[in-house]
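Everything below concerns the one structure shown next.
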Amino acid sequence: MPIEVVSAGIMTTIQDLGRPGYYHLGIPMGGAMDRFALRAANLLVGNDEGAAGLEAAFLGPELEFTEDAIIAVCGAELPPKIDGEQQPTWTALGVRKGQVLSFDFLRLGARAYIAVSGGIDTPSALGSRSTYPIGSLGGVDGRAVQPGDTLPFGQSGDTAKPGKSVPGALRRLPGSSAELRVLPGLYWHRITEGAQQGFFDDTWMVANEADRMGYRFKGGRQLEFVPREQPYSAGSNPSNITDACYPYGSIQVPNGSEPIVLHRDAVSGGGYFMLGTVVSADMDLIGQLQPNTPTRFVRVEMDAALAARKNRTSMLDRIREATT
Amino acid sequence: MSRFTFGGDEHIFVEVDEAMSLEAFFTSLSMTNAVRAASIDGVTEICPANASFQIKFDPDKIHPHALMDRLKLLEEDAEKAEAKLDTRIIEVPVFYQDPWTHETLMRFRERHQDPDGTDLEYAARINGYETVEAFIDAHSGAPWFVSMVGFVSGLPFLYQMVDRSRQIQVPKYLRPRTDTPKQTVGYGGSFSCIYSVRGAGGYQMFGITPMTIYDPRQEVPYLKDFMVFFRPGDIVKWRSIERAEYDRIIEDMQVGRFEPRMRDFVFSLDDFNADLDGTNARMMEALYAD
């Protein structure tokens, strides 16, 4: 029961909730950058929340269905069209055999998640179908989707019904600017108090280097380091450390100039200091930021990070209720 | 005393020492082993690094502060543990000054400290070796510890098991390259590495190994069980090879005939510190006895 890929957009990859457990070998968790949107899309079409779907960045693909299916598009406001007719996002849609799913231009956000009833059924690697191109794992032969690919999908469950939708209040849409909550830590002490303050005061812009590995930000002030004699093996630049692990969401600032927030396909370690970590509740949002989005980093402590996480879980619970 | 810090609400990061040393690496490795043995509910990833380590956890299962307390208790046990390691010694053939890394380093010369020489000529000169050959002898002469696996898919970082005064130090490229051949043997700071996949990189390029170390398709016989070859704690001995042997090993790799030479070894840090050259000699004996 395959889908024929007519065109692939800019970067369309198969993603599920990833492959945790191999980060100590440099193989990142991967999976949907906006996990909330993938879960919502799967719930709408009656799948397990962790079924594999398509993550389309900035531009939608064109897909021909060779079997009937139910689909849903969540996340970025990338309006789907079935045989040219525009359809709502965050809604279960019936697609008949022979029909073509395409997309209008992106209105908001950066990544749309396309779930198909039964889930994309490509071979899994290390327990996941998520595409990790650097390591040639998952996806279609370890790579992103290309025109000419055929994507099999599984048997759909009984609960899949067109017309179901996620209530407006539960859709998470990025605005024209963003706030990312950050827990200071890791090598926070390496920068001066003035730099610590400046990092949170400044408005940063999402740079063009914004992908599954990480998001770069620019436009804020240069960070000043607390002077020290560099430790043995750390390298001579004050932003260098003895190569260490990088947490997902950690913020490294090579040379003190442009912060990079590591995301789902993070490099697992390296030699740059990190000043803190974006809280888990805001990781999905990063995946929806377009280049040039003005962004503020907001300082929080652990209690606020855990409260934000709880809030996200309860939103997901409400989607679960709304879709059953 | 290690420094414990949170990486957001899902990670705890522990810096054993700011500086690299075999002692710091051993402490990091034994602490991660202790965490694994404790099988704490909610812990999802245990990642040792050179002189630090990182634990990823699910805060819905264990409160970050509760896990932090647990880890601090485990540190006391790890400090008492004998610095001993059941590991393996592996011979890795290296074709130094090969044509592929040479072509690549020439392409990125403007990003290098010494645009008029090669990476090896530069590394030899700043480390006080008169010839590239003498430098290669030093690089391949004493064994190396795999002190971290990561960055990308199965890439090992290696730290040379010699006195600090004899350790090679080379800065990374001024600006990273956008290309590095697969299986390049590189050098940055006081670490060697093997690039497991082709891609960007900032380490100096010394040569290339014909030995596959990452195989996502798992077609290589010795990677059938798992696609990543190296583990933290492995001991590596580089062996300098020429073009003819490189070609022969590549051919053997392609038909599934190549098996790396490796032997089990129990490494004791105390023995090593007491008699560095003697321990290295015993390791070579174990590797080449038969």
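Order of the sequence lines fixes the chain letters, A, B, ..., with proteins taken first and strands second; residue numbering starts at 1 for each chain.
Of the residues listed (A/Pro247, A/Ser268, A/Pro20, A/Cys245), the one engaging B/Glu45 in a side-chain contact (heavy atoms from CB on, under 4.5 Å) is A/Pro20, and it is the only one.
Residue-environment remark: CG (B/Asp225) stays at or below the threshold of 12 foreign heavy atoms within 6.0 Å. By the neighbour-count criterion of 12 heavy atoms within 6.0 Å, atom CD of A/Glu224 is sparsely surrounded, having that number or fewer from other residues, nucleotides or ligands. The environment of OH in A/Tyr272 is sparse: at most 12 heavy-atom neighbours from other residues, nucleotides or ligands sit within 6.0 Å. The 12-atom threshold is not exceeded at NZ of B/Lys61, counting heavy atoms of other residues, nucleotides or ligands nearer than 6.0 Å. Within a 6.0 Å radius of CZ in B/Arg36, other residues, nucleotides and ligands contribute more than 12 heavy atoms. Atom CD of B/Glu110 has more than 12 neighbouring heavy atoms from other residues, nucleotides or ligands inside a 6.0 Å radius. Other residues, nucleotides and ligands place more than 12 heavy atoms under 6.0 Å from the CZ atom of B/Arg164.
For B/Gln218, no part sits under 4.5 Å from any heavy atom of chain A, backbone or side chain. Residue contact with chain B, scored on non-hydrogen atoms closer than 4.5 Å, is absent for A/Ile251. Contact of A/Leu137 with chain B is made through the side chain alone, with heavy-atom distances under 4.5 Å. When heavy atoms are compared at a cutoff of 4.5 Å, A/Ser280 approaches chain B by way of both its backbone and its side chain. A/Ser136 touches chain B through backbone and side chain together, each having a heavy atom under 4.5 Å away. With a 4.5 Å cut-off on non-hydrogen atoms, B/Phe4 does not touch chain A at all. Within the 4.5 angstrom heavy-atom criterion, only side-chain atoms of A/Arg309, from C-beta onward, approach chain B. In this structure, the portions of B/Val152 lying under 4.5 Å from any heavy atom of chain A include both its backbone and its side chain. Heavy atoms of A/Ala244 lying under 4.5 Å from chain B belong to its backbone as well as its side chain. Using a 4.5 Å cut-off between heavy atoms, B/Ser52 touches chain A through its side chain atoms alone. Only the side chain of A/Met274 comes within less than 4.5 Å of a heavy atom in chain B; its backbone stays farther off. The part of B/Met148 that comes within reach of chain A is its side chain, from C-beta onward, which places non-hydrogen atoms under 4.5 angstrom from that chain.
One N or O on the side chain of B/Arg3 and one on the backbone of A/Leu186 form a donor-acceptor pair closer than 3.5 Å. A/His24 places no side-chain N or O within 3.5 Å of a backbone atom of B/Pro48 that could act as its donor or acceptor partner. Between the side chain of A/Thr242 and the backbone N or O of B/Glu18, at least one donor-acceptor pair lies under 3.5 Å. Remark: the backbone N or O of A/Val279 is not paired with any side-chain donor or acceptor of B/Asp9 at under 3.5 angstrom.
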*From CA spacing to verdict: side chain to side chain contact (heavy atoms under 4.5 Å, CB included), B/Tyr214, A/Leu25*: CA-CA 11 Å; B/Tyr214 175 70; A/Leu25 299 172; over 6 Å; no
*asked:* Between B/Met227 and A/Leu126, does the side chain to side chain contact (heavy atoms under 4.5 Å, CB included) criterion hold? Intermediate values first, please.
replied: CA-CA 10 Å; B/Met227 59 183 71; A/Leu126 301 178; 3.8 Å; yes
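Note: A/Tyr187 and B/Phe13 meet the aromatic proximity criterion, with ring centroids under 6.0 Å apart.
Residues A/Tyr232 and B/Gln167 form a side-chain contact, since some pair of their non-hydrogen atoms from C-beta on lies under 4.5 Å apart. At a threshold of 4.5 Å between non-hydrogen side-chain atoms, the residues B/Asp17 and A/Pro231 do not count as touching.
If you tally non-hydrogen atom pairs under 4.5 Å between each of A/Leu183, A/Asp243, A/Ile134, A/Asp265 and chain B, the highest count goes to A/Asp243. When B/Ala51, B/Gly150, B/Ser21 are compared by the number of non-hydrogen pairs under 4.5 Å with chain A, B/Gly150 comes out ahead. Counting heavy-atom pairs under 4.5 Å between each of A/Ser236, A/Ala305, A/Gly21 and chain B puts A/Gly21 at the top. Of all the listed residues (A/Gly185, A/Gly269, A/Gly276), the one sharing the greatest number of non-hydrogen pairs under 4.5 Å with chain B is A/Gly269. The choice from B/Glu15, B/Arg198, B/His65 that makes the most heavy-atom pairs within less than 4.5 Å of chain A is B/Glu15. Ranked by heavy-atom pairs under 4.5 Å with chain B, the list A/Val278, A/Val300, A/Val182, A/Leu306 is led by A/Leu306. Taking chain A as the reference chain and counting heavy-atom pairs below 4.5 Å, the highest number among B/Pro171, B/Ala49, B/Ala19 is found for B/Ala19.
B/Gln54 approaches A/Tyr23 most closely through the heavy-atom pair NE2-CE2, 3.8 Å. Scanning both residues, A/Met302 and B/Gly8, for their nearest heavy atoms gives CE-O, 3.6 Å. Residues A/Ser233 and B/Met20 approach most closely at OG-CB, 3.0 Å, considering heavy atoms. Heavy-atom minimum distance, A/Tyr248 versus B/Lys56: CD1-CE, 3.5 Å.
The aromatic rings of A/Tyr22 and B/Phe226 lie parallel to each other, with less than 30° between the two planes, well short of the 60° mark.
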